A.B. asks: 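A single structure is presented below for examination.
Residue numbers start from 1 in every chain, and the chains themselves are labelled A, B, ... in the order their sequence lines are given, proteins ahead of strands. Note that this is a predicted model, so its numbers are computed, not measured.
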Number of protein chains: 4
Amino acid sequence: MFRLRDDTTYMMPAHFGGDPYTTTYKAQQKATMLAVTFETDRAALEAYIPEELELLAPKVKVALHQLTEINWLAGAHYNLVAVTTPVRFTETKAHIDAAYPLVIWENRTAPILTGREQTGVPKIFADIEDLHVFFPHYATSLSYEGNTFLRMTFEAGDPVTGKDLEQAKRDLRSLDLIGWRYIPKVGSPGADLSQFIHFPQWMEVEKACYGTGTIQWTELSVMQNPRQHHIIKALAALPVKNVAHSVLAEGDVFLDAPHARILA
Amino acid sequence: MFRLRDDTTYMMPAHFGGDPYTTTYKAQQKATMLAVTFETDRAALEAYIPEELELLAPKVKVALHQLTEINWLAGAHYNLVAVTTPVRFTETKAHIDAAYPLVIWENRTAPILTGREQTGVPKIFADIEDLHVFFPHYATSLSYEGNTFLRMTFEAGDPVTGKDLEQAKRDLRSLDLIGWRYIPKVGSPGADLSQFIHFPQWMEVEKACYGTGTIQWTELSVMQNPRQHHIIKALAALPVKNVAHSVLAEGDVFLDAPHARILA
Amino acid sequence: MFRLRDDTTYMMPAHFGGDPYTTTYKAQQKATMLAVTFETDRAALEAYIPEELELLAPKVKVALHQLTEINWLAGAHYNLVAVTTPVRFTETKAHIDAAYPLVIWENRTAPILTGREQTGVPKIFADIEDLHVFFPHYATSLSYEGNTFLRMTFEAGDPVTGKDLEQAKRDLRSLDLIGWRYIPKVGSPGADLSQFIHFPQWMEVEKACYGTGTIQWTELSVMQNPRQHHIIKALAALPVKNVAHSVLAEGDVFLDAPHARILA
Amino acid sequence: MFRLRDDTTYMMPAHFGGDPYTTTYKAQQKATMLAVTFETDRAALEAYIPEELELLAPKVKVALHQLTEINWLAGAHYNLVAVTTPVRFTETKAHIDAAYPLVIWENRTAPILTGREQTGVPKIFADIEDLHVFFPHYATSLSYEGNTFLRMTFEAGDPVTGKDLEQAKRDLRSLDLIGWRYIPKVGSPGADLSQFIHFPQWMEVEKACYGTGTIQWTELSVMQNPRQHHIIKALAALPVKNVAHSVLAEGDVFLDAPHARILA
């Protein structure tokens, strides 16, 4: 019969075996990132922030990450679009500032499962086009079963160089997240697990370019997207008060999952 | 700020709202099922059965379900291939017999998430072709990022009618599962949740047909399928001692998630 | 060296061999058809009708065909959406009435190639969702690289029975097309082939249901759909004067390619 | 009514308009190319070379091109795998040496249509994975409706630099093709067009790396790939006598379609 091993970490199905637990392994991948950030209405945004967190600024970042050469997927690739906002979690003796992911769409299931089950990152599926690049124009579309719900475009300005690039590298470095791992009870409402988890990650930027970005939401009907229509509707309804300059960057992204920890 | 409601069941991301909890809702869908069952070596199979369960027979069923008109997905469709074996879970006063899913491949992410997080069904992603039907020949292929790992074929015999159909309806009715919901700890090996869950489901068969089925595994390298290659390898290595007659059936499938319960 | 055979019909690449030419083979497949027909402005529509043809009525039919069990594809399946209008071609001694395909989107390449190269049917690619069926609601979406450009919905009324069904079978039977096979010159403008071709095809309807259909176009930018944006724009701009009742039908579709012939 | 314009080049459907004909436009795109070349048996290979051509060497090149930032697709991307062999076409006063494409698989339909109809390049559809890169290991798989038929791998050696890079740039520059445009008759065997076409194209290589490449064919049944199984079978049967060193290169690819011309 199958027995769990003490030194091993598992995902379902566990009975085919897991991976040796190690604190030194980091997920690593190449990334092209396109980020559009805007200011919104604080009260409107706080409706989606759990009470355990404090909203640090009424800002929303929508960031495409086109990931390749992913080490934990043996060189495979996938795309994600993360919608995040800056928050603080206050522990007994200290506090942690990080990005709170309102939602992350990804076009592969494997990282959706690890993200949700290991660290409470609310990943869900969408088709996400690789960037179309008709220089200086960049664009991608997110769709669900043939129904477009988000279009991102970017018009590149001059590349960032010298001191500005050094500054950009510092500004773009942190990708730390605070996930909310929520696993429902069986046979009744409520949760069997409800935990806030700090997940350290960062980007080592090599190239960056500022420019003009746009995001355009299209609301979908229940029949077009039965499990996500309310998320799209909520995000599309956030007022866009001010769009900062947008950024396109290339570099390496690191995820330090072994140093994720539950906040309390 | 966002507050959870007591009468609501949530999935991540919870902060956009959940569904009212009800004990009466059943998932319902049309299904075309193609099942190939074979006997294998008991010891080889038991290597993948957790100690909490008893293997009732050294039999493995590989079943394609082509699902359409799915009510909880507002009429959408998807395919799954379930690899299951009959087991018993013994509780203090009674026991439960059901199918233990070794693995279930599905070609949509949404049901993978609900299955794993709500009831511990070990669903993972694969591309699964709709059945090609060149009567009396049926076939499907499962692949991962362009790499075929399972081919199922079926040559249909005569349709089942009269008393034989009534018997087939009874034989094929139960699809009850026992899932093993396993959620890993954060920052160390071991589990934050490890539960066996009984999940009632059944098929109301309308048409059935027996015939000759085949399954053919192709092992994949780590680079072809980094997260599943060991599962395919394990299943491909199970000796096929005897293939029973295979069956193709059409009907309605019902999942009674509200009556799922944790076994103890 | 490779030599062409006289009794064989070829597609590129020809040098791997072709199929024996026969006048008796018919393409056959199961079909679920959803057709929405509307009246439009005659002059607007005639802008897309070549002079060799006469527009019989200012009507446009938009029809989804969900095709399965396709004999010439060994049991495979695909979807198409045909936009057609009724025309007449007048030959020396007679005339032919048939549907003129303004465009046909298909989600598989193989039938696009045979349709274009053998019979001048102007097929191009799109992703086309299988019908979502949340009875009595039906819907599909067409998209190109993640950008939705056409949504079709249908709300089913009562099934058609008895004499009405017999009438529907007659009304829906003919699917004859007149294609315009146009192959460009190499190294200059103009055509090396420009032929009108009559292609007999029909549907043997088994079930039918009238109801309320809708079509909704979304124009796309050049960057979203560089090769088709002008087609979508042209169709979206046709005035919709009157939508007849729409129909959902199931049955078998036959294509008599060997009896296709060039009109002159 | 619609009238063709004299200064315009058209593709089906022509009646929505074409593109102004120009002799100066070049298709341009970024490319990552992985090429594996092997020697085979001359007689075996000549079975697929039409009599109008002379086989210059019994060599077959299997080359993946991963194309991005494609100007004529407004920045879109696609992949192709070309199987070519070196040939000569002798005209009255001169001869042309170029690669003869036995077949080219592409994962987008639009370039398949232009390639076939404008210049007789025998393109057909397959799913083609973007390269998985787990340095120094590279791999891709080609599949058709879930059935893998070709796997390419590459293990990179040291980058090529200095004079060797200059030599590699010259060696890899020419991508000229001779296509055989073959359009069948309607209603009988034989061709309405059968032309050999020279199509100038080239690659401006920026980086290159030699290494060890492999190709592995998997034959498919008629039901797995009804329109291509004979092509795969023919290529898989070519003896592999000697695999030269393989190459991975990056750069820009140019296609000079306006200077394509019919050979005679």
A.B. asks: Describe, in one word, how the ring planes of D:Tyr48 and C:Phe16 are oriented to each other, choosing from parallel (under 30°), tilted (30 to 60°) and perpendicular (over 60°).
C.D. replies: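 It falls in the tilted class, 30° to 60°.
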A.B. asks: With a 4.5 Å cut-off on heavy-atom pairs, point out which of D:Ser221, D:Pro189, D:Ala74 contacts chain C the most.
C.D. replies: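 Among the listed options, the one with the most contacts to chain C is D:Pro189.
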A.B. asks: Any idea which heavy atoms bring C:Met1 and D:Pro50 closest together, and the distance?
C.D. replies: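 It is CE-O, 3.6 Å.
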A.B. asks: Select one option (side chain, backbone, both, neither) describing which atoms of D:Ala47 are under 4.5 Å from chain C's heavy atoms.
C.D. replies: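 Contact with chain C is through the backbone of D:Ala47 alone.
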A.B. asks: Can you tell me how far apart OG (D:Ser188) and CZ (C:Arg261) are? Round to the nearest 0.5 Å.
C.D. replies: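 Result: 14.0 Å between the selected atoms.
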A.B. asks: Answer with side chain, backbone, both or neither: which region of D:Glu52 has an atom nearer than 4.5 Å to a non-hydrogen atom of chain C?
C.D. replies: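 No part of it gets close to chain C.
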A.B. asks: At a 4.5 Å cut-off on heavy atoms, which part of D:Pro258 comes close to chain C: side chain, backbone, both, or neither?
C.D. replies: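 When you check distances to chain C, only backbone atoms of D:Pro258 fall under 4.5 Å.
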A.B. asks: To the closest 0.5 Å, what do you measure between CD (C:Glu117) and CE (D:Met12)?
C.D. replies: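 Between C:Glu117 CD and D:Met12 CE, I get 7.0 Å after rounding to 0.5 Å.
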A.B. asks: Of all of C:Leu45, C:Thr114, C:Thr23, C:Asp192, which one pairs up most often with chain D through heavy atoms under 4.5 Å apart?
C.D. replies: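 Maximum pair count with chain D is reached by C:Asp192.
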A.B. asks: Which one, D:Leu4, D:Asn225, D:Thr9, leads in non-hydrogen pairs under 4.5 Å with chain C?
C.D. replies: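 Most heavy-atom pairs under 4.5 Å with chain C: D:Leu4.
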A.B. asks: Please evaluate residues C:Arg227 and D:Leu113 with respect to the criterion side-chain contact (heavy atoms from CB on, under 4.5 Å), reporting the C-alpha separation (whole Å), side-chain torsions for both, the decisive distance (0.1 Å), and the verdict.
C.D. replies: CA-CA 11 Å; C:Arg227 306 284 298 176; D:Leu113 302 185; over 6 Å; no
A.B. asks: Please indicate whether C:Asp6 has more than 12 foreign heavy atoms, meaning atoms of other residues, nucleotides or ligands, lying under 6.0 Å from its CG.
C.D. replies: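 It does not: C:Asp6 CG has 12 such atoms or fewer within range.
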A.B. asks: Considering only heavy atoms and a distance below 4.5 Å, find which of C:Glu51, C:Lys123, C:Met11 pairs most often with chain D.
C.D. replies: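 Option with the greatest count: C:Glu51.
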A.B. asks: Taking C-beta and beyond as the side chain, do C:Ile112 and D:Ile112 meet within less than 4.5 Å on heavy atoms?
C.D. replies: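 With C-beta onward as the side chain, the pair stays apart.
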A.B. asks: Is the shortest heavy-atom distance from the side chain of C:Leu73 to the side chain of D:Pro226 under 4.5 Å?
C.D. replies: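 Yes; the side chains approach each other to less than 4.5 Å.
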A.B. asks: Is C:Pro20 close to chain D through its backbone or its side chain, or both, or neither, when contacts mean heavy atoms under 4.5 Å?
C.D. replies: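 Answer is neither: C:Pro20 stays 4.5 Å or more from chain D.
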A.B. asks: Are any non-hydrogen side-chain atoms of D:Lys185 and C:Tyr21 less than 4.5 angstrom apart?
C.D. replies: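 No, too far: nothing below the 4.5 Å cut-off.
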A.B. asks: Return the option, out of C:Arg181, C:Gln118, C:His259, with the maximum number of heavy-atom pairs under 4.5 Å with chain D.
C.D. replies: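 Of the options given, most contacts go to C:Arg181.
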A.B. asks: Between D:Ile104, D:Val103, D:Leu55, D:Ile49, which residue shows the highest count of heavy-atom pairs closer than 4.5 Å to chain C?
C.D. replies: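 When all of D:Ile104, D:Val103, D:Leu55, D:Ile49 are compared, D:Ile49 has the most.
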A.B. asks: If you tally heavy-atom pairs under 4.5 Å against chain D, which of C:Gly18, C:Pro122, C:Ala257 wins?
C.D. replies: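 Top count of heavy-atom pairs under 4.5 Å with chain D: C:Pro122.
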A.B. asks: Can you name the nearest heavy-atom pair linking D:Ala76 to C:Glu145, along with the distance?
C.D. replies: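 For D:Ala76 versus C:Glu145, the nearest heavy atoms are CB-OE1, 3.8 Å.
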A.B. asks: Quick check on the interface: out of C:His230, C:Met223, C:Arg3, who has the most heavy-atom pairs with chain D under 4.5 Å?
C.D. replies: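 Maximum pair count with chain D is reached by C:Arg3.
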A.B. asks: Below 4.5 Å from any heavy atom of chain C, which atoms of D:Lys233 appear? Answer side chain, backbone, both or neither.
C.D. replies: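 Neither; nothing under 4.5 Å.
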A.B. asks: For D:Phe125 and C:Phe125, what are the C-alpha separation, side-chain angles and deciding distance, and is it a side-chain contact (heavy atoms from CB on, under 4.5 Å)?
C.D. replies: CA-CA 12 Å; D:Phe125 185 84; C:Phe125 185 84; 5.9 Å; no
A.B. asks: Pick out which of C:Tyr100, C:Trp180, C:Tyr182 makes a side chain to side chain donor-acceptor pair (under 3.5 Å) with D:His15.
C.D. replies: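 That would be C:Tyr100.
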A.B. asks: Please examine the side chains of D:Thr109 and C:Arg108, heavy atoms only from C-beta on, and report whether any two atoms are closer than 4.5 Å.
C.D. replies: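 C:Arg108 vs D:Thr109: side chains apart.
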A.B. asks: For C:Arg88, I'd like to know if atom CZ has over 12 heavy atoms of other residues, nucleotides or ligands within 6.0 Å.
C.D. replies: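 Enclosed: over 12 neighbouring heavy atoms sit under 6.0 Å from CZ of C:Arg88.
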A.B. asks: Minimum heavy-atom separation for C:Pro13 to D:Leu102, with atom names?
C.D. replies: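 Looking at all heavy atoms of both residues, the shortest contact is CB-O, 3.5 Å.
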